[in-house]
Amino acid sequence: MMKRRDELLMKTLFLSSSGLNESTSDVFWKCIKKEPADTKVIYVPSAAVENDGAREGIALCAEGLMNMGIPFENILIYELSLLISADYERTYSGHVKNIPLPLRLMSVEELNQYDVIVFGGGDAARLLNEVRRTGFYDPLKQAIENGLVYLGISAGSMIAAGNFSNGLGYLTNQIIPHAEEGTPCGEVPSDKPIKTADGQVIVIQGDRKKIIC
């Protein structure tokens, strides 16, 4: 199956507690409309760089993507802490013109060369601060509107929901990940916090929102 960006042209987000399982992966791939081996992914691990315990999650997330059939060479690891702040004027590096992609702010056009962007778990406040500090917020939002599929895991889900007043704002509800008992699957409750158990996913497609298991 092949898919082009203009076939989506709607925001599509998967907000999970611990990633996708077998049944929710089926829904995910129906949205991607590409074979896993042909899928290009941006993986943002910026929520998990605080300490070694958090960094362990980076390897787990990468393994999870590869277990889905996505080749590692198709995954761009985009660590926001390596980017300069949006309001910083370069001094001694000002002569460098061709900055490699992982070390600079990606444009909307560059983001939309990929199929999926994955924001992993860890410290949600830290993650959102990096998205804001680097100026990644605006191109990210535009790329999502253009059809870049967003997959959030734990902290990555929280920054897209109502947990922060300056978050991405795709859901007014707060998300409480890793709940022992999640909010029942089905329609998203109006403005109430959503508890997501591992295995549950909130799917947003255009204006439609639902919880799947």
Side-chain angles (χ1 to χ4, degrees), residues 1-36 38-44 47 60-61 64-65 67-70 75 111-112 114-121 124 127-128 131 137 140-164 167-213:
M1 293 185 295
M2 296 297 292
K3 173 218 69 171
R4 294 309 315 154
R5 182 72 53 200
D6 56 5
E7 292 178 16
L8 273 174
L9 289 181
M10 75 162 73
K11 60 179 181 284
T12 302
L13 296 89
F14 290 77
L15 308 182
S16 73
S17 181
S18 60
L20 305 175
N21 60 23
E22 186 173 346
S23 62
T24 55
S25 289
D26 289 342
V27 178
F28 176 81
W29 288 116
K30 286 177 183 177
C31 290
I32 300 299
K33 297 179 182 174
K34 268 190 176 182
E35 296 296 334
D38 299 322
T39 300
K40 295 179 64 179
V41 175
I42 302 166
Y43 168 40
V44 182
L60 286 176
C61 187
L65 293 171
N67 286 343
M68 291 169 65
I70 301 167
I75 302 172
L111 288 167
N112 281 132
Y114 290 80
D115 302 291
V116 184
I117 188 162
V118 179
F119 283 81
L127 175 60
L128 181 57
V131 170
Y137 183 91
L140 172 63
K141 292 269 288 186
Q142 186 58 62
I144 293 170
E145 294 298 325
N146 291 349
L148 177 66
V149 175
Y150 183 106
L151 172 57
I153 300 170
S154 191
S157 297
M158 293 167 70
I159 69 164
N163 297 64
F164 300 93
L168 298 176
Y170 288 107
L171 195 67
T172 58
N173 312 69
Q174 291 186 17
I175 291 178
I176 303 171
H178 310 298
E180 186 172 332
E181 184 175 347
T183 299
C185 291
E187 295 298 316
V188 168
S190 177
D191 296 329
K192 294 181 180 179
I194 299 173
K195 296 180 179 180
T196 54
D198 292 352
Q200 286 186 304
V201 178
I202 302 164
V203 181
I204 301 171
Q205 290 180 286
D207 295 327
R208 296 176 295 170
K209 302 177 179 70
K210 62 182 178 181
I211 305 169
I212 65 173
C213 302

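No hydrogens, no waters, no symmetry mates; every other heavy atom, side chains included, goes into these values. Please read all numbers here as calculations on a predicted model, not as lab measurements.
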Colleague: Restricting to side chain to side chain contact (heavy atoms under 4.5 Å, CB included), what partner residues turn up for D26, sequence neighbours left out?
Modeller: none
Colleague: How long is the gap from CG on L65 to CG on L60, to the nearest 0.5 Å?
Modeller: 11.0 Å
Colleague: Using modelled atom types and a 3.5 Å cut-off, is there a donor and acceptor pairing between side-chain atoms of Y137 and backbone atoms of G167?
Modeller: yes
Colleague: Just so I know, are the side chains of W29 and M68 near enough to count as touching, which here means a heavy-atom distance under 4.5 Å?
Modeller: yes
Colleague: Please list all pairs meeting ring-ring contact (aromatic ring centres under 6.0 Å, His included) that have one or both residues in residues 145-164, counting only residues at least two apart or in different chains.
Modeller: F119-Y150
Colleague: Throw together a table of side-chain donor-acceptor distances under 3.5 angstrom for residues 189-205, partners on residues two or more places apart or in other chains.
Modeller:
from : atom 1 : to   : atom 2 : distance (Å)
D191 : OD1    : T172 : OG1    : 2.8
D198 : OD1    : S17  : OG     : 2.8
D198 : OD1    : H178 : ND1    : 3.1
Q200 : OE1    : A197 : N      : 2.9
Q200 : NE2    : T183 : O      : 2.7

Colleague: N163 side chain to Q174 main-chain N or O, any donor-acceptor pair under 3.5 Å?
Modeller: no
Colleague: Which atom names give the shortest non-hydrogen contact between N112 and A143, and what distance separates them?
Modeller: ND2-O, 3.2 Å
Colleague: For I42, what residues pass the side chain to side chain contact (heavy atoms under 4.5 Å, CB included) criterion, not counting sequence neighbours?
Modeller: V44, L76, Y78, M106, L111, Y114, I117
Colleague: Could you list all the disulfide bond (SG atoms under 2.5 Å apart) pairs where at least one residue sits in residues 171-213, not counting sequence neighbours?
Modeller: C185-C213
Colleague: Mind checking whether L140 and L168 have side chains closer than 4.5 Å, heavy atoms only?
Modeller: yes
Colleague: Once you round to the nearest 0.5 Å, how far does OG of S157 lie from CD1 of I176?
Modeller: 13.0 Å
Colleague: Are the side chains of F14 and V27 in touch, meaning some heavy atoms are under 4.5 Å apart?
Modeller: yes
Colleague: Could you grab the distance from atom CG of L15 to atom OH of Y170, nearest 0.5 Å is fine?
Modeller: 10.5 Å
Colleague: Heavy atoms only: give me the nearest L13-A160 pair and the separation to one decimal.
Modeller: CD2-CB, 4.3 Å
Colleague: Going by the rule side-chain hydrogen bond (donor to acceptor under 3.5 Å, both in side chains), which residues pair with Q142 if we only count those two or more places apart in sequence or in a different chain?
Modeller: N146
Colleague: For the pair F28 and V149, evaluate side chain to side chain contact (heavy atoms under 4.5 Å, CB included) and give the outcome as yes or no after the intermediate values.
Modeller: CA-CA 9 Å; F28 176 81; V149 175; 4.1 Å; yes
Colleague: Test side chain to side chain contact (heavy atoms under 4.5 Å, CB included) on L151 and V41 and set out the steps.
Modeller: CA-CA 10 Å; L151 172 57; V41 175; over 6 Å; no
Colleague: Looking only at atom types and distance, does a side-chain atom of S154 sit under 3.5 Å from a main-chain N or O of S18, one as donor and one as acceptor?
Modeller: no
Colleague: Closest heavy-atom contact between K11 and D207?
Modeller: NZ-OD1, 4.0 Å
Colleague: How many angstroms lie between atom CD of E187 and atom NZ of K209, to the nearest 0.5 angstrom?
Modeller: 10.5 Å
Colleague: So, taking the atom named CG in D115 and the one named OG1 in T12, what distance separates them when rounded to the nearest 0.5 Å?
Modeller: 12.0 Å
Colleague: Quick one: list whatever passes ring pair (Phe, Tyr, Trp, His ring centres under 6.0 Å) with Y43, sequence neighbours left out.
Modeller: none
Colleague: Please report the shortest heavy-atom distance between G120 and A155, naming the atom on each side.
Modeller: O-CB, 3.9 Å
Colleague: Taking all non-hydrogen atoms of both residues, which atom of N173 and which atom of A161 are closest, and how far apart?
Modeller: O-CB, 3.3 Å
Colleague: Dump the intermediate steps for side chain to side chain contact (heavy atoms under 4.5 Å, CB included) on S16 and T24, then the final yes or no.
Modeller: CA-CA 10 Å; S16 73; T24 55; over 6 Å; no
